[in-house]
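Every number for a ligand or one of its atoms is a count from 1 in the order of the listing.
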Amino acid sequence: MAETQRPVSLVVLISGRGSNLKAILRAIDAGQLNATVKAVISSRAGAEGLRWAQAAAIDTLALDARDYPRREDYDRALQGLIEGFAPDLVLLAGFMRILSADFVRHFRGRLLNIHPSLLPALRGLRTHQRAIEQGLREHGASVHYVTEELDSGPVIIQTRVPVLRTDSAETLGARVLQQEHGLYVHALQLIAGGEIRWGDDGRILYRGRPLTQPLQVTQPSDTVCTVD
Ligand code: GRF
């Protein structure tokens, strides 16, 4: 895989556990991903996930929503913080806030999210519980570019996880999460290697051609890590 010369620079936004962030940091550390994390910004000062960044001596910042009663003001402050690091990409990794349209437009083509469902199915929250309630046989996760409409941007790559008859939201969610770790890394590897690009017309380009269906990962990646 041909890699771009310089690492893809990232700012990662989190709100809590940060296991996807941890998987990304591990992949970088292991030389599996040609990227560098410039900063991790949390919407909560005490977010557990900040420790992974601190352990890797990466700048961490917390931007508390309570200091910004108006969403637009919060998002403008967030945008300013992010642009201070001039990243190639901004990753949402469990960032539990809805972003305003101006913010999303500003980062168009540079903003990625991981969502725990096979989009366009199950946008929004409680996806594991809803997958069980709806009797779905298959569930999974998607990495997508973010557009103004919630969980609706073009999907780069998905991973599928069978729903077992014995599953609870917790057991299903744990299996999906384990797959997410490899999935986000995989999507970033494709971008770092120049295989996936955001086309100016709002479509994803895969090896120079419009991607008509999301790529699919069927095998667990060796970048899977556990949450502890
Ligand atoms: C993941 O399930 C992700 O898909 C969703 O939020 C969760 C974040 O988990 N957007 P973590 O903080 O990365 O452990």
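For the pair Gly18 and ligand 1, the shortest N or O to N or O distance falls below 3.5 Å.
One side chain, His128 or His139, offers a donor N or O that lies under 3.5 Å from an acceptor on the other.
By the 4.0 Å heavy-atom criterion, Pro116 is counted among the residues contacting ligand 1. At least one heavy atom of Ile114 lies less than 4.0 angstrom from ligand 1.
Asp151 is linked by a salt bridge (charged side-chain N to carboxylate O under 4.0 Å, His left out) to nothing, counting only residues two or more places apart in sequence or in another chain.
Counting non-hydrogen atoms of neighbouring residues, nucleotides and ligands closer than 6.0 angstrom, the CD atom of Glu133 exceeds 12 such neighbours.
Residue-level proximity to ligand 1 for Glu180 is carried by the side chain, the only part with a heavy atom below 4.0 angstrom.
A salt bridge (charged side-chain N to carboxylate O under 4.0 Å, His left out) with Glu83 is found for exactly one of Lys38, Arg76, Arg110, namely Arg110.
Residue pairs meeting the ring-ring contact (aromatic ring centres under 6.0 Å, His included) criterion with at least one member in residues 70-94, sequence neighbours excluded: Tyr68-Tyr74.
Atom 13 (O) of ligand 1 has its nearest heavy-atom neighbour, among Leu92, Leu125, Ile14, Asn20, in Asn20.
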